[in-house]
Enquirer: 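Questions regarding the structure given below will be posed in turn.
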Amino acid sequence: MTGRWAGPALLLGLWQGAALATGGHLLAGPLEIAGWLGANAGLAGRATAATLGNAAWGLAAGNLAAILLAAVPALWPRTLGLVAGLALAVFCLPLVATGPILRVLMGPGNGPQIVLAALAVYYTTLIPLLAGLRAAPAAWFDLVRSYGRGRWAELVHVRLRAALPYLVAGLQISAPAAILGAMVGEFTGAERGLGVLTIRFTRDLDIPALWAVAAVAAASSYLAYAAVGWLGRRLLPDPPPVILAPARARGPSAAQRLAQAALLVAVLLAVWWAGMEALGLNRFFAKRPPDVLVAVLWAPDAPATRATLLAAAWESVALVLPGYAAGLVLGAGLAVLLALRPALAALAAPLAVALRSVPILTTAPLVVLLLGRGALGTIVLVALMVFFPTFVACQHGLRQAPGPILDLFRSYAAGPLRQMWHVRIPAMLPALFASARMSVPAAVLAITVIEWLATGRGLGHLMALSASVSGYGMLWLTVVTVTLLSGLFHALVAAVERRVLARFAPEQGAA
């Protein structure tokens with residue numbers, strides 16, 4: 001057996017052994033899954049085709065939107081804050097709350113599944129792409145300007161080439177996310193799909209069937225991930241050059257940042273209100289900003305509403321923070337370890353991809369069965385959601401270490417650890433922080449999905465409960481709360497990023 005297949009074979013063997021050790025009550029092994037799929041090939045095939053079709057349309061639409069959005073601040077740099085803020089606010093909308101609203105608006109059919117798949121992927125491509133569009137040597141821009149060319153020429157001839165490795169990383173991360181988004185849409189009332197089967201088998205406690213659905217979703221995600229990686233290896237340019245950035249101009253003051261934040265909030269509120277009015281949506285389920293303010297501030301039951309929201313928010317935040325931190329550390333740590341010890345990749349890389357390739361909608365019930373409904377299971381699931389984008393982004397980031405600098409270190413007999421510390425890790429930092437920012441909404445999505453499906457507490461449970469009893473006022477309040485928490489957390493991560501990259505990657509702050 002070649003080393004390429006030794007890792008996956010070992011993992012399958014360990015998996016089957018663990019299933020036998022548990023007696024099949026909580027864990028189904030590969031043999032049981034293969035038997036179920038053989039007996040139900042038609043059912044599994046129809047469900048997989050429905051989910052993958054919707055995911056493919058959403059993947060294409062979401063990534064096209066990300067590329068177009070990233071081009072706007074590349075051409076007009078002053079729009080970066082507004083574009084990134086609007087994109088973050090839309091991505092922070094919890095899929096478990098957006099799904100039922102889309103189902104009401106769009107009715108039966110595949111519309112909600114495709115829209116949710118697009119919403120699940122565009123931000124994971126946008127953030128690495130924004131970093132990549134700035135990862136180019138200053139001399140290249142000077143050369144373009146010396147020929148009298150403008151920002152469009154910079155975008156076409158310089159920025160797009162520099163951004164290609166980051167685009168590949170974003171596309172690899174978004175492939176499993178598209179399947180997750182499609183499955184969330186299927187949870188809201190679709191007729192067929194892997195999400196529909198997940199609901200059915202979870203209610204029936206059919207362990208082999210549930211693990212089979214998870215395996216099919218994981219295999220589909222892995223194939224999409226591998227296909228993007230294969231294409232990227234053939235399209236990526238030569239090793240990156242040394243990036244000598246210009247001196248970074250002084251950033252905006254605190255007052256300017258506050259004004260930008262106020263402008264962003266005003267635009268979001270205007271889009272929200274104008275969109276509802278333009279579509280003529282019924283206020284019973286399509287709440288406007290004044291409706292939300294009245295419910296939380298002036299309604300007779302406003303004190304009870306605020307208390308309920310704060311209690312649910314605290315339950316979610318207390319678990320999402322440790323899971324988020326653990327996912328970042330594990331993802332970056334594994335990427336560094338595999339760069340130092342490539343022989344471990346045959347075992348570790350398939351496991352890392354498999355852990356994230358299984359959509360959280362199928363992972364959550366299984367992890368709850370194994371670890372219970374307590375804090376441990378929730379933290380593990382949040383960490384898994386954060387781990388994969390961090391791992392993929394950091395792997396690509398480590399490969400951005402400039403070849404001439406590495407050659408210089410080798411000429412002085414510097415070992416792998418010294419090269420890693422002084423060259424590779426600094427080159428990885430833009431990708432690490434990009435993944436840290438994109439993982440904020442992913443962690444929030446994870447905690448709300450887990451609370452919705454399994455734990456029965458927190459903001460996710462409050463959203464599910466509100467939707468089930470047509471409590472659309474509380475549902476919209478919860479969506480706003482989740483969005484505000486995500487925005488605050490994202491701003492904290494961005495503040496740390498600015499301070500670190502001002503020293504290690506100043507080109508990320510260049511216009």
Side-chain angles (χ1 to χ4, degrees), residues 28 30-65 95-96 98-100 102-103 106-122 124-125 171-204 206-231 353-366 388 449 453:
L31 295 179
E32 291 79 12
I33 290 173
W36 188 92
L37 290 175
N40 300 274
L43 175 64
R46 290 190 298 272
T48 303
T51 298
L52 293 185
N54 295 326
W57 282 108
L59 182 68
N63 282 309
L64 178 61
L95 297 184
V96 296
T98 310
L102 286 174
R103 182 63 65 184
M106 305 180 74
N110 295 328
Q113 293 93 294
I114 295 173
V115 172
L116 288 175
L119 290 176
V121 306
Y122 82 94
T124 60
T125 300
L171 292 175
Q172 282 193 290
I173 296 168
S174 68
I179 296 178
L180 167 63
M183 291 180 68
V184 171
E186 292 163 357
F187 265 56
T188 64
E191 296 180 356
R192 62 180 61 88
L194 295 175
V196 176
L197 293 185
T198 300
I199 296 175
R200 171 183 165 186
F201 298 141
T202 301
R203 290 173 177 171
D204 296 341
D206 191 338
I207 301 301
L210 193 57
W211 277 97
V213 172
V216 170
S220 303
S221 299
Y222 182 79
L223 288 175
Y225 170 88
V228 174
W230 177 85
L231 184 63
V353 176
L355 286 174
R356 182 58 186 90
S357 294
V358 182
I360 192 173
L361 290 176
T362 53
T363 308
L366 300 173
F388 181 73
V449 169
L453 289 176

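Note that this is a predicted model, so its numbers are computed, not measured. Start at 1 with the first residue, then count along the sequence.
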Enquirer: Where do Ala50 and Arg192 come nearest, in terms of heavy atoms and distance?
Expert: CB-CG, 3.7 Å
Enquirer: Scan for side-chain hydrogen bond (donor to acceptor under 3.5 Å, both in side chains) pairs involving residues 112-121, sequence neighbours excluded, and state none if there are none.
Expert: Arg103-Gln113
Enquirer: Only pairs at least two apart or in different chains count here, so list each side-chain hydrogen bond (donor to acceptor under 3.5 Å, both in side chains) that has a residue in residues 173-184.
Expert: none
Enquirer: Tell me whether Thr124 contacts the main-chain N or O of Val121 through its side chain, where contact means a donor paired with an acceptor under 3.5 Å.
Expert: yes
Enquirer: For Thr51, give me all partners under side chain to side chain donor-acceptor pair (under 3.5 Å), at least two apart in sequence or on another chain.
Expert: Glu186
Enquirer: Specify the closest pair of heavy atoms between Ser221 and Ile179, including all atoms of both residues, with the distance to one decimal.
Expert: OG-CD1, 3.2 Å
Enquirer: Could I get the full list of side chain to side chain contact (heavy atoms under 4.5 Å, CB included) partners for Ala175, not counting sequence neighbours?
Expert: Ala224
Enquirer: Who pairs with Thr125 by side chain to side chain donor-acceptor pair (under 3.5 Å), at least two apart in sequence or on another chain?
Expert: Asn63
Enquirer: Which residues satisfy the side chain to side chain contact (heavy atoms under 4.5 Å, CB included) test with Ile114, sequence neighbours excluded?
Expert: Asn54, Trp57, Asn110
Enquirer: How close do Ala61 and Ala118 get, heavy atom to heavy atom, and via which atoms?
Expert: CB-CB, 4.3 Å
Enquirer: Restricting to pairs with a member in residues 34-45, which pass side-chain hydrogen bond (donor to acceptor under 3.5 Å, both in side chains), not counting sequence neighbours?
Expert: none
Enquirer: Looking at every heavy atom in both Thr48 and Ser220, which two are closest together, and how far apart are they?
Expert: CG2-OG, 4.1 Å
Enquirer: So which heavy atom on Ala55 is nearest to which on Ala117, and how close?
Expert: CA-CB, 4.2 Å
Enquirer: Using side chain to side chain contact (heavy atoms under 4.5 Å, CB included) as the criterion, list what pairs up with Ile33, not counting sequence neighbours.
Expert: Trp15, Ala28, Leu37, Trp211, Ala212, Ala215
Enquirer: Using side chain to side chain contact (heavy atoms under 4.5 Å, CB included) as the criterion, list what pairs up with Ala47, not counting sequence neighbours.
Expert: Leu194, Leu197
